[in-house]
Each structure stands twice: as C-alpha cells, then as structure tokens.
There are 2 protein chains.
Amino acid sequence: MKQYTASNAAYEKIRDAIFEEKYERGEKLTEVKLADELGVSRTPVRDAMRKLEEEGLIKDKRVINPTIKDLMNTFDVRMLLEGYAVRQAARYMGPDQIEDLQQCVEAAKRGKTEEIMDANKEFHDIIVKASNNDVLIDTIDRMQSVIFLFRRTVVYHQRPRLIEEHEAILEAIRNHEEEQAEWLMKSHLKKDLDFSIHSW
Amino acid sequence: MKQYTASNAAYEKIRDAIFEEKYERGEKLTEVKLADELGVSRTPVRDAMRKLEEEGLIKDKRVINPTIKDLMNTFDVRMLLEGYAVRQAARYMGPDQIEDLQQCVEAAKRGKTEEIMDANKEFHDIIVKASNNDVLIDTIDRMQSVIFLFRRTVVYHQRPRLIEEHEAILEAIRNHEEEQAEWLMKSHLKKDLDFSIHSW
DNA sequence: TAATTAGTTGATGTATACATAAATATAAAT
DNA sequence: ATTTATATTTATGTATACATCAACTAATTA
C-alpha cells in the first residue's frame, strides 16, 4: 500500500512539475531549492530525486532532455516486450479480460481528451499484465515517464487511426492469432513512435 | 565516473554480503543494524538499500528469495532483449569487436573458475553493447544481480557445452547470419536457465 | 482462555547541523 | 588577454537528533 509520506508527495510534485515543463529540459535541480519550494527538508527531496533518476526523468541532477534516439531506443524495447506480451495475451486471455479490452476501445471512442488517453493507456496495461511476467511489467512501467514526457499529450490523443489499430489487435487476441497480434502491436507502436517524432 | 562515497561502499558491501549469503534469503535488514556493522550512519545505508531495491536484491526491507518463476520471468525478458541485441551484432559488428568476442572465448577455454566466469560475462556484455541501445543495456544490467544471486557460481562455471555455444554464436555473428544468431542465443539462454534451475 | 487495551520497544521518516567536495568568482602573473 | 592560482560561495555527502509510526509484550477484562 502506498503511503502518504513527504518523500512520496515530493516525488509526485517534482515529477508533475517536470511534465508540465515548470522545470525546463536540462535544468539543474538542486536539493535546497526544491526543498524550499516544497516546504520540506532536503531528506525527502533526495529520496524523490533518486526515484526520478531511476525512471530516467532526472539524470545527473538535471531534468532530462530526451533525444529522438532515446525515444527510438525506448520504443524498440517496448516493441519487443509488448510484442511478447500480446502473444501471451492471444494465447491465454479469458473472456472477461477480453471484455475489459473491449471496454477500453468503447471508452476511447466516446470519451474526451483525458478519458481517451486513460482508456488507451489502460488497453496497453491490460495486455502487458496478461504477460504474467512481473519483470516485464516492471520494465515497461519504468519507461512510461520518458514516453509521457516526450509526447505532447494534447496532440497525441487525436492520433489518426489509433483506435482502429487497437480494435484490430483486440480482434487478433480474440481469435488467438498470436503471430498476427504481435505483428499488429509492433506496427501500432511503430506508428506511435513516428507520430511522436513528427509532431515534435 | 564512480566516486568513493560511503553510500557506494555500503552498497557494494551489502550487495556482496547478500551474494555470499551472509544475510539469508528473506532476512529482514534494518538500517541501524547495517549502519553499525558497516561503521557508518543510517544515511548512506538508506541510499544503498534503495539502490538494492532498484535492482531487486531487496524487497520490502528483506533480502529477496527468488522463486523459479522469478528466474523464468527474468530469462524470458533476457531472451527477448539479448535476442534482439545479437541480431544487431550480426548486422553491424566490426572486425575489432568480433576479435574481442573471440578473445572471450579463448580466455574461457584457458582460464580458471573466476576468469571463466568473467570471460563469459564479458562475451554477453559485448553483444549487449552492440545493440547500441542504452535503454536495453540498462535494462539487462539491472537484471544481472538477481541472476547472479540465483546461480551457484561454483557449479555454473563448468556448465557443459557453454563455450561451444558461445563459439557457435560468434560464428553466426561473423557470418552476419542474424536469424541464426538470434536462435542460437535464445536456445543458449534457455539452456542456462534450465541448468540454473536443475542445479538448484 | 481469548480478546482487548495499554504500554513499551524498536524501526523508519524527517529535519538539521556539520564536513567535504564542486563550482564559481576574484586576483595575480605571464 | 589568457592563464594560473587563490579565495569564496554553493551543493552535496554524512552524522545525528527528534518525531512518528509499527510491532510486540504485558496486563486487564470479558
């Protein structure tokens, strides 16, 4: 269970500030300055910064400024892992989980910006979980922040054909077409990558 | 560049103590006790423990006790990532790097326990680096500790046919046979996994 | 006896003070 | 003016004190 410690609060605040570009890319973050801003001591700030270094949002005390290559690297790994995950999904997923995926697709069709984003994220999360591999799940989880940082969410939520691609993946899962599911997932992620790069 | 801070020293000592089973699997590690043993304050111990939690050697303040499933999960991810890496190696590696791999194989043939282990580790490291993907490199790096913890090194260094398998992979790389290299790497890792499980 | 409560111990979270190291600015010298 | 050396500031590393929280023990009561 997640606790409400000053460290966690600091972590979330700093992370969100980075997402909202309150701190610029490449900007040096010092412990005292952050501690002052957040009204806590340096100790929880250090904890938070360590966690942020883990997920790659901070590097050498500076807000990262991901390059195109960084993003490509991230997506290459993601394609491998989610490709595997969707294969497992196509093989083992039960009707109830498939129904959950269906719900995500529906929700993304109806909803507004924020909800669309959430539903699409959930779609991937469910598939990743279906891998039933904690190492894989954790690895993908750690990459999310960098992806999120890179992506301009305002633009991204209306990426063309995204929902159709999810639907196609869902169909492949439903029909237990592993090979097809993997291929669809990989090309889906490839399009995500290209879109992210070009809308940059 | 790595510094000689008390935090780093604490990290290495605790890690090695876990490897040497000075702390039992599942044992609860408290900050004060470790601080006393290492002759430092709690602060660097906390830093060290955080780092160890990152790489999965500690979970919830306890030394992890990896299950067979944990190991299988780790190897499944490793197979995906190193499979990809060796493909890149087969495609792009230059003669000098191939020579380095050759040296690893030679060294493993001649050397003694410790050197054999190092040379074989180095063989994989070179291939992983050839992926030219930092995200992938970091991900594999983080998994090493758990693999090392699980493996009984005394037994492992004499796993049958390990060197021959490395040689076969090297040949595939030399001949730019991507598909073959990937297949060989994956079955090589599969055998590693099986050996680790059965010699348990 | 089982269960609840109070009290005690121990562990972690947080703030702060001090020490060391890094970075920057200032002055001197070529 | 550029470099070298020195001084000053600033940031980080480490120790320690205190506060809070959790775990355990003992005692009281149903």
Side-chain angles (χ1 to χ4, degrees), chain A residues 1-65 138 141-142 145 149, chain B residues 1-19 21-65 138 141-142 145-146 149:
Chain A
M1 184 179 58
K2 187 165 56 178
Q3 298 221 80
Y4 264 175
T5 62
S7 295
N8 285 335
Y11 161 76
E12 288 176 4
K13 282 183 187 169
I14 299 171
R15 183 198 58 193
D16 292 346
I18 292 174
F19 285 154
E20 292 159 19
E21 316 227 17
K22 203 190 143 198
Y23 303 121
E24 285 174 45
R25 310 288 164 92
E27 178 175 346
K28 171 132 197 191
L29 299 179
T30 91
E31 295 171 7
V32 269
K33 186 164 162 284
L34 290 173
D36 281 358
E37 284 178 25
L38 302 177
V40 292
S41 80
R42 277 174 55 210
T43 313
V45 170
R46 295 196 71 181
D47 285 351
M49 286 182 75
R50 238 172 198 290
K51 216 167 173 182
L52 292 163
E53 296 237 12
E54 271 177 53
E55 2 177 305
L57 281 185
I58 293 181
K59 185 145 197 168
D60 300 327
K61 315 271 164 187
R62 288 174 183 282
V63 178
I64 51 142
N65 188 5
D138 290 349
D141 207 55
R142 214 173 309 112
S145 290
L149 180 62
Chain B
M1 186 177 60
K2 186 166 53 179
Q3 299 220 82
Y4 259 38
T5 62
S7 295
N8 285 334
Y11 161 76
E12 288 177 3
K13 282 183 187 170
I14 298 171
R15 183 199 57 194
D16 292 346
I18 292 174
F19 285 154
E21 317 230 17
K22 203 190 143 198
Y23 304 122
E24 283 174 46
R25 309 288 164 89
E27 178 176 346
K28 171 133 196 190
L29 299 179
T30 90
E31 295 171 6
V32 268
K33 186 165 163 283
L34 291 173
D36 281 357
E37 285 178 24
L38 301 177
V40 293
S41 81
R42 277 175 54 210
T43 314
V45 170
R46 295 195 72 178
D47 285 352
M49 286 183 74
R50 239 174 198 290
K51 217 168 174 180
L52 290 162
E53 296 237 13
E54 272 178 53
E55 20 177 284
L57 282 185
I58 294 181
K59 184 143 197 169
D60 300 328
K61 314 274 167 185
R62 289 175 184 282
V63 177
I64 51 142
N65 189 5
D138 290 348
D141 207 54
R142 215 172 310 127
S145 291
V146 175
L149 180 63

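Every chain is numbered from 1 and lettered A, B, ... according to where its sequence line falls, protein lines coming before strand lines.
In this structure, CG of A/N8 is placed 14 Å from P of D/dC21, rounded to the nearest angstrom. When rounded to the nearest whole Å, the span between CZ of A/R50 and C1' of D/dT14 equals 13 Å. In this entry the distance linking CD1 of A/I58 with P of D/dT12 reads 11 Å, nearest Å. The OH atom of B/Y11 sits 19 Å away from the C1' atom of D/dG13 (whole-angstrom rounding).
With sequence neighbours left out, the side chain to side chain donor-acceptor pair (under 3.5 Å) criterion links B/S7 to B/D47. With sequence neighbours excluded, the residues satisfying side chain to side chain donor-acceptor pair (under 3.5 Å) with A/T5 are A/N8. Scored by the side-chain contact (heavy atoms from CB on, under 4.5 Å) test, B/E54 finds A/R50, A/E54, B/K51 as partners (sequence neighbours excluded). Residues passing the side-chain contact (heavy atoms from CB on, under 4.5 Å) test with B/S145 are B/F19, B/E55, B/L57, sequence neighbours excluded. Remark: B/R25 engages B/E21 in a side chain to side chain donor-acceptor pair (under 3.5 Å) (not counting sequence neighbours).
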Tell me, for nucleotides 8-13 of chain C in 5' to 3' order, what letter each nucleotide earns: B for a base near a protein heavy atom under 4.0 Å, S for only sugar-phosphate near one, - for neither?
---SBB
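Two end axes, each from the C1' atoms of five base pairs, can be drawn for the helix from C/dT1-D/dA30 to C/dT30-D/dA1; they diverge by 10°, to 10 degrees.
The salt bridge (Lys or Arg N to Asp or Glu O under 4.0 Å) contacts involving residues 4-18 of chain A comprise A/K2-A/E12, where partners must be two or more places apart or lie in separate chains. Applying the salt bridge (Lys or Arg N to Asp or Glu O under 4.0 Å) test to every pair with at least one member in residues 28-38 of chain B, sequence neighbours left out, gives these pairs: B/K22-B/E37, B/E27-B/K33, B/E31-B/R42, B/E31-B/R46, B/E31-B/K61, B/K33-B/E37.
The phosphate of D/dT14 has neither OP1 nor OP2 within less than 4.0 Å of any side-chain N or O from B/T43.
B/I14 has its side chain within reach of B/L38: a pair of non-hydrogen atoms, C-beta onward, lies under 4.5 Å apart.
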